[in-house]
Structure formats: structure tokens, C-alpha cells
Amino acid sequence: MNNIMLLLALKLFLIACISEPNDHGEIEELDKEKVQQLYCNKEGIDCEKHKTDICVQIPDQFKHVAAVGLFAHDRGCKGNAYYFDGEFITLKELTPKALEFYGWKEPSKREELALKWVKHIIVVWESPLNYLPKGFSEKEFYQPMSWTEEDKVKVKLWIQEPAGMRNESKYRAEEYTFDTEGNLENIRSLGSKTISGN
């Protein structure tokens, strides 16, 4: 009788492990072509015909997360969805789940993690500015930075927007706030700048 109960308990445990493998961090690293094909299947797109129109970015810093976008001729790739842990989800849904997976529960990791998240996931289709661009004064420019304020982690940086049809460069500054659970609580505009010519 004890052996039967033991076998039954073991079987239930194995079923639970198979049903919920990601509870133990078992989320696979992603492959661009695989994600592209999954996105085509989800949207009913002929992948062979429209392969060049579907952009997939998997940053080295977050190999379990893919940003998926569609190519627009006037600006390059435009974000459409994110893929993580077997599903396509929005940035709002993705952020707390993925940040927890990458170690958000450890407060000492949050500032560095939030900064990387903004630079490589949130603005993946744009260019975070790590240098003083032509046309900026030293007074108005700052490097990407993160800090903790009243238990919330904040990130601020300048971003160069994708080139459009005009001979100009557009920049914007933003501040991102993450709560203790890793939710992206707020995005605040800190200003913008347009520089004409080369």
C-alpha cells in the first residue's frame, strides 16, 4: 500500500513538473528564425514571402526575450510585440515577468537591470545615446543613468529616434520608473531636440 501511495505521489510530482517547467527558471534561450516563424504562424503571415518585413531582436543581455517588429520604409523596424516564455505579450505584461526571471527580487541588482532593460528592450528599435552628439551642449546632455528613489528604480537617458525622410536628427529624453515588483510604472518625457542637416 505504501509503495502504491509513493508511486502515485511521484507520478503527481512529475506531472506538475512537466506542466509548469518555468517555475524553476527553465526558460529557453531564443533563436531569431524560430521566433520569426512563431510570429508568422500566430499572425497568419507567409514567412517565406514576408521574411524581410519581420524584424526580430534578441539582445545579448536578455537572451530569453525577443522584440518583434515590422519593417516600415520611412523609419526602419517598428516594435509590435515581445516574445518570452512561450508567448507573445505586450511590454507591460513582459516587464515584471522577465525582470523577475533575471533577478529583480535582489534589490542590489535592480538599478543595473533597469538600465539594461530600458536600453536593450524598451528602446530596442531606437538608439540610446552614450556620447555627446553634434548640436548638443555639455550642459543639456547626460549619459544613461539609474538610481533608487523611495524604493522605486528610475532610469533616464537621451534617445535618438530612427531617421525619417527629412535631413534631420530627432532626439528625446525620457525617465522610466519601475516599482518594487518590476512593473514599468511610468514613462515621463524630459524634453526633445531636433538638429537639422548632417
Side-chain angles (χ1 to χ4, degrees), residues 30 32 55-82 84 90-198:
L30 298 175
K32 285 185 180 182
C55 317
V56 176
Q57 287 281 2
I58 302 169
D60 288 339
Q61 297 81 359
F62 301 105
K63 293 184 178 180
H64 306 81
V65 178
V68 183
L70 299 175
F71 184 76
H73 292 282
D74 61 340
R75 60 162 287 148
C77 291
K78 187 175 181 182
N80 200 44
Y82 291 90
F84 176 71
T90 65
L91 178 65
K92 184 177 179 180
E93 296 167 320
L94 166 72
T95 298
K97 290 181 182 180
L99 287 180
E100 181 180 359
F101 176 78
Y102 285 106
W104 188 262
K105 285 185 178 179
E106 176 53 57
S108 65
K109 294 182 178 181
R110 289 178 185 171
E111 289 181 14
E112 182 182 0
L113 194 51
L115 184 57
K116 286 181 180 177
W117 189 255
V118 172
K119 290 172 67 176
H120 301 288
I121 297 295
I122 296 179
V123 297
V124 65
W125 306 113
E126 300 172 299
S127 301
L129 291 180
N130 298 304
Y131 61 90
L132 180 70
K134 186 178 178 181
F136 273 72
S137 69
E138 289 188 15
K139 186 178 180 180
E140 66 188 325
F141 179 74
Y142 43 81
Q143 297 278 346
M145 63 182 77
S146 60
W147 69 98
T148 302
E149 190 176 301
E150 297 178 355
D151 291 330
K152 298 189 179 183
V153 177
K154 298 198 172 193
V155 173
K156 74 173 182 177
L157 74 168
W158 277 97
I159 302 154
Q160 182 172 7
E161 298 179 5
M165 305 297 285
R166 297 182 179 181
N167 185 21
E168 62 185 20
S169 298
K170 290 187 174 183
Y171 305 90
R172 71 179 192 277
E174 290 182 336
E175 181 184 273
Y176 300 81
T177 302
F178 298 82
D179 68 15
T180 54
E181 301 300 314
N183 293 291
L184 180 57
E185 191 175 81
N186 187 45
I187 301 174
R188 183 165 72 98
S189 174
L190 300 178
S192 61
K193 190 175 180 76
T194 300
I195 299 171
S196 298
N198 295 325

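Excluded from the calculations below are hydrogen atoms, water molecules and symmetry mates; all remaining heavy atoms, backbone and side chain alike, are included. If you're wondering where the values come from, they're calculated on a predicted model, not measured in any experiment.
When all heavy atoms are compared, the tightest approach of Ile122 to Leu184 is CD1-CD2, 3.9 Å. Closest non-hydrogen pair, Lys134 versus Ile195, comes out as O-CD1, 3.0 Å. Taking both residues in full, the closest heavy atoms of Pro144 and Leu129 are given as CD-O, 3.1 Å, listed atom of the first, atom of the second, then distance. Residue Trp125 comes nearest to Gly69 through the heavy atom pair CZ2-N, 3.6 Å, listed as atom of the first residue, atom of the second, then distance. For the pair Leu70 and Cys55, the tightest heavy-atom approach, listed with the atom from each and the gap, is C-SG, 4.2 Å. Across every non-hydrogen atom of Ala98 and Val65, the tightest pair is CB-CG2, 4.2 Å.
For the pair Phe178/Leu113, no side-chain contact is recorded, criterion being any heavy-atom separation below 4.5 Å from C-beta on. Looking only at side-chain heavy atoms (C-beta outward), Thr180 and Arg110 come within less than 4.5 Å of each other.
With sequence neighbours excluded, the residues that form a side chain to side chain donor-acceptor pair (under 3.5 Å) with Tyr102 are His64. Scanning for side chain to side chain donor-acceptor pair (under 3.5 Å) contacts around Glu181 gives an empty result, with sequence neighbours left out. Residues forming a salt bridge (Lys or Arg N to Asp or Glu O under 4.0 Å) with Glu111 (at least two apart in sequence, or on another chain): none.
Rounding to the nearest 0.5 Å places CG of Leu190 at 9.0 Å from CG of Leu157. Distance OH/Tyr176 to CG/Asn186: 11.0 Å, rounded to 0.5 Å. We find the NZ-CG distance between Lys116 and Asp60 to be 11.0 Å, quoted to the nearest 0.5 Å. Between atom OG of residue Ser127 and atom CD of residue Glu161 there is a gap of 10.5 Å, rounded to the nearest 0.5 Å. Remark: Ile159 CD1 to Lys119 NZ distance equals 11.5 Å, nearest 0.5 Å. Within the model, atoms CG of Asp179 and CG of Asp151 stand 10.5 Å from one another, a figure rounded to the nearest 0.5 Å.
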Criterion side chain to side chain contact (heavy atoms under 4.5 Å, CB included) on Phe84 and Phe62, from CA distance to verdict: CA-CA 10 Å; Phe84 176 71; Phe62 301 105; over 6 Å; no
Test side chain to side chain contact (heavy atoms under 4.5 Å, CB included) applied to Lys156 and Trp147, step by step: CA-CA 9 Å; Lys156 74 173 182 177; Trp147 69 98; 3.8 Å; yes
Test log, rule side chain to side chain contact (heavy atoms under 4.5 Å, CB included), inputs Ser169 and Gln160: CA-CA 7 Å; Ser169 298; Gln160 182 172 7; 3.9 Å; yes
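No donor-acceptor pair under 3.5 Å is formed between the side chain of Trp104 and the backbone N or O of Lys97. Checking side-chain atoms of Glu93 against main-chain N and O of Thr90 turns up a donor-acceptor pair under 3.5 Å. Between the Tyr82 side chain and the Ile121 main chain, a donor and an acceptor come within less than 3.5 Å of each other.
Salt bridge present: Arg188 and Glu175 bring a charged side-chain N and a carboxylate O closer than 4.0 Å.
Annotation: Glu138, atom CD; neighbour count of heavy atoms from other residues, nucleotides and ligands within 6.0 Å does not exceed 12. Other residues, nucleotides and ligands contribute over 12 non-hydrogen atoms within 6.0 Å of the NZ atom of Lys193. Surrounding CG of Asn130 are more than 12 heavy atoms belonging to other residues, nucleotides or ligands, all under 6.0 Å away. For Gln143, the CD atom is densely surrounded, since the number of other residues' heavy atoms within 6.0 Å is greater than 12.
A ring-centre distance under 6.0 Å is found for Phe136 and Trp158.
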